[in-house]
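Heads up, the thing below is written out as structure tokens.
Residue numbers start at 1 and run along the sequence shown.
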Amino acid sequence: MFKIQTLNKISAVGLEEFPRDNYETASGLNDPDAILVRSADMHTMDIPGSLKAVARAGAGVNNIPIDSMTDKGIVVFNTPGANANAVKELVLLSLLISSRPVFDAADWVKTLAGKGEEIPDLAEKGKSQFVGHELKGKKLGVIGLGAIGALVANAAVKLGMEVIGYDPFMSIAAAWRLDSSIKHAETLDVLLSKADYVTIHIPQTPDTKGLINEKTIKNMKDGVVIINIARGGLVNNDDILAALDSGKVRCFVTDFASEELLNKKNVICFPHLGASTPEAEDNCAVMAVNELREFLEKGNITNSVNFPKCVTENPIPKNGTRLCISHKNAPGIVSKFTTVLGDAKLNIAGMINQNRGDTAYNIIDIDGVVPEETLRALAGIETVTKVRPIFA
């Protein structure tokens with residue numbers, strides 16, 4: 001029986017993916033095998049020794065202590081692309097409301113209450129103060145062409161916009177998803193210099209924090225619109241406000257409210273609505289649950305932020321053992337595994353070793369049951385962080 005602790009309210013559609021005869025899910029479980037989380041902060045949490053994996057039902061993992069998890073051999077999963085459509089639609093809304101002052105217009109119309117039959121004429125006379133811009137023919141710069149950025153770029157093309165994308169790490173698969181009319185900028189500066197609207201779709205890392213700042217804003221067109229539905233730290237708010245005051249930036253739309261942005265002219269703040277749809281929550285939960293099941297039941301790793309992808313389609317040998325071993329990526333470690341297993345007279349039926357930077361992961365199939373003393377010997381090898389057997 002696998003025990004899954006939930007730190008937030010997780011979609012019931014996702015939780016139903018756990019077979020009831022082999023999984024227990026609850027918020028107050030002791031000694032869980034895995035944790036399902038959305039936004040709960042795990043940085044100050046006591047991590048139980050039983051924990052093998054954490055799955056974030058969403059893309060961002062800033063609320064999870066990744067380095068600490070890696071040191072303990074705990075695999076952290078996320079769900080890239082599961083909420084992509086919801087975020088895409090919010091970006092499209094942001095493009096529209098940053099171009100047409102519909103909020104101000106709707107508020108103004110309310111002031112006509114009580115004017116009776118005069119309202120139609122008054123509305124006609126007053127509408128000129130709410131003139132906006134059309135999106136058709138304007139240039140949209142999309143920073144990051146992953147699951148969300150690609151959807152935004154393709155949708156903008158259908159709105160009649162000219163789209164320029166920038167992503168130095170774009171995969172071939174991502175390139176195939178893009179409309180053929182989308183142009184790819186060789187540098188960020190080239191994109192920023194041409195775009196009437198800029199939307200950001202990259203993760204926040206030490207290298208990308210404050211990407212939109214005084215220096216990069218100077219490279220933009222006068223009157224540019226900036227949209228950030230990705231991560232708050234990607235934009236320097238003080239620099240944005242200065243650019244709004246000078247007129248360099250016409251409007252800033254963000255999904256990350258903060259004190260300095262509230263009630264500022266030409267700033268539109270949302271309360272982190274990017275993935276706030278039931279459809280997105282369901283998709284993220286289903287994806288997270290399936291990732292955990294593949295890992296707990298078969299040892300497979302996909303969509304991990306701290307471990308390499310490592311997947312086998314082979315079944316666990318009949319009456320055998322699958323060893324899932326994580327360790328620091330160092331020369332000679334795998335040979336030490338084979339030595340320990342050979343000394344125990346255990347036959348290796350199959351073996352996969354993958355690494356990601358300083359971290360490595362192995363799936364080793366064994367003919368027969370691996371005894372406890374052999375598991376302890378493997379766990380005692382220097383740099384090994386976790387040894388987990390899965391018995392057939």
Side-chain angles (χ1 to χ4, degrees), residues 56 58-62 66 78-92 94-95 135 138-159 161-213 215-221 224-236 240 252-256 274-275 280 284 287 302-306 308-309 356-357:
R56 160 80 163 93
V61 291
N62 292 349
I66 302 299
N78 69 344
T79 57
N83 60 10
N85 187 70
V87 177
K88 175 205 76 175
E89 291 185 1
L90 190 62
V91 174
L92 296 180
S94 300
L95 286 168
L135 296 176
K138 303 299 190 303
K139 292 183 174 66
L140 172 66
V142 182
I143 303 173
L145 294 167
I148 296 171
L151 287 179
V152 169
N154 289 339
V157 168
K158 293 179 181 178
L159 290 174
M161 302 187 79
E162 296 181 34
V163 180
I164 309 164
Y166 172 73
D167 191 335
F169 306 107
M170 183 170 61
S171 66
I172 294 175
W176 276 106
R177 292 196 295 264
L178 294 175
D179 188 283
S180 61
S181 68
I182 295 170
K183 298 175 182 178
H184 189 257
E186 292 298 324
T187 67
L188 179 61
D189 285 344
V190 168
L191 179 148
L192 296 178
S193 68
K194 294 182 177 181
D196 301 300
Y197 297 78
V198 174
T199 181
I200 313 164
H201 301 288
I202 56 176
Q204 181 177 316
T205 68
D207 291 333
T208 62
K209 187 172 183 179
L211 178 74
I212 303 301
N213 55 46
K215 181 179 178 180
T216 51
I217 292 171
K218 282 182 178 178
N219 292 330
M220 300 182 191
K221 285 184 174 182
V224 69
V225 172
I226 299 174
I227 299 169
N228 179 24
I229 312 294
R231 284 290 175 267
L234 296 170
V235 175
N236 184 304
I240 279 283
F252 177 48
V253 185
T254 177
D255 206 16
F256 308 96
C284 287
M287 189 171 181
T302 55
N303 295 326
S304 171
V305 300
N306 64 336
K309 180 178 181 179
R356 178 177 179 173

Problem - Partner residues of Leu135 under the side-chain contact (heavy atoms from CB on, under 4.5 Å) criterion, sequence neighbours left out - result: Leu95, Leu96, Ser99, Leu159, Met161, Tyr197

Exercise for the section: Report the residues that fulfil side chain to side chain donor-acceptor pair (under 3.5 Å) with Ser94, sequence neighbours left out, ordered by chain and then residue number. Expected result: none

Exercise for the section: Please assess Met287 against Asn303 for the test side-chain contact (heavy atoms from CB on, under 4.5 Å), listing each intermediate value before the final yes or no. Expected result: CA-CA 10 Å; Met287 189 171 181; Asn303 295 326; 3.1 Å; yes

Problem - Pairwise salt bridge (Lys or Arg N to Asp or Glu O under 4.0 Å) hits with a residue in residues 203-213, at least two apart - result: none

Practice task
First locate atom CD1 of Ile212, then atom CD1 of Ile227, and finally report the distance between them rounded to the nearest 0.5 Å.
Solution key: 12.0 Å

Handout entry: Pairs where residues 225-235 contributes a residue and the test salt bridge (Lys or Arg N to Asp or Glu O under 4.0 Å) is met, not counting sequence neighbours
Key = none

Fill in the blank from the handout: Between Pro203 and Leu234 the two heavy atoms that sit nearest each other are O-CD2, 3.8 Å

Practice task
Would you please name every residue forming a side-chain contact (heavy atoms from CB on, under 4.5 Å) with Ser180, sequence neighbours left out?
Solution key: none

Exercise for the section: Apply side-chain contact (heavy atoms from CB on, under 4.5 Å) to the pair Asn154 and Ile182, showing each step before the final yes or no. Expected result: CA-CA 8 Å; Asn154 289 339; Ile182 295 170; 3.4 Å; yes

Practice task
Decide yes or no for Met170 and Leu178: does some side-chain heavy atom of the first lie under 4.5 Å from some side-chain heavy atom of the second?
Solution key: yes

Practice task
Identify the heavy atoms of Ala153 and Leu145 that sit nearest to each other, and give their distance.
Solution key: CB-CD2, 4.4 Å

Fill in the blank from the handout: Leu211 meets the side-chain contact (heavy atoms from CB on, under 4.5 Å) criterion, sequence neighbours left out, with Ile143, Leu188, Ile202

Problem - Over all atoms of both residues, closest heavy-atom pair of Arg356 and Asn306 - result: NH1-N, 3.8 Å

Problem - Donor-acceptor pair, side chain of Thr79 and main chain of Gly58, under 3.5 angstrom - result: yes

Fill in the blank from the handout: Sequence neighbours excluded, the answer for side chain to side chain donor-acceptor pair (under 3.5 Å) partners of Asp189 is Asn219

Problem - Residue of the set Asn213, Asn228, Ile217 for which side chain to side chain contact (heavy atoms under 4.5 Å, CB included) holds with Ile240 - result: Ile217

Handout entry: Contacts of Thr205 that satisfy side chain to side chain donor-acceptor pair (under 3.5 Å) - sequence neighbours left out
Key = Thr208

Problem - Lys138: salt bridge (charged side-chain N to carboxylate O under 4.0 Å, His left out) partners, not counting sequence neighbours - result: none

Exercise for the section: Any salt bridge (Lys or Arg N to Asp or Glu O under 4.0 Å) involving residues 164-187? Give me the pairs, sequence neighbours left out, ordered by first then second residue. Expected result: none

Handout entry: Minimum side-chain heavy-atom gap Asn236-Lys215 below 4.5 Å
Key = no

Practice task
Determine whether Val142 and Leu191 make a side-chain contact, defined as any pair of heavy atoms from C-beta on separated by less than 4.5 Å.
Solution key: no

Handout entry: Considering all heavy atoms, the nearest Leu140-Ala195 contact
Key = C-CB, 4.4 Å

Exercise for the section: Using side chain to side chain donor-acceptor pair (under 3.5 Å) as the criterion, list what pairs up with Lys221, not counting sequence neighbours. Expected result: Asp196

Fill in the blank from the handout: CD (Glu162) and OG (Ser181) are apart, to the nearest 0.5 Å, by 9.0 Å

Practice task
Measure across Ala275 and Ala280 and return the closest heavy-atom pair with its distance rounded to 0.1 Å.
Solution key: O-CB, 3.5 Å

Practice task
Look up atom OG1 in Thr302 and atom NZ in Lys309, then write down how far apart they are to the nearest 0.5 Å.
Solution key: 7.0 Å

Problem - Residues Phe256, Val235; criterion side-chain contact (heavy atoms from CB on, under 4.5 Å); working and verdict - result: CA-CA 10 Å; Phe256 308 96; Val235 175; over 6 Å; no

Fill in the blank from the handout: Residues at least two apart in sequence or cross-chain that pass side-chain contact (heavy atoms from CB on, under 4.5 Å) with Ala147, listed by chain then number, are Ala84

Exercise for the section: Tell me, with the steps shown, if Thr199 and Val253 meet side-chain contact (heavy atoms from CB on, under 4.5 Å). Expected result: CA-CA 9 Å; Thr199 181; Val253 185; over 6 Å; no

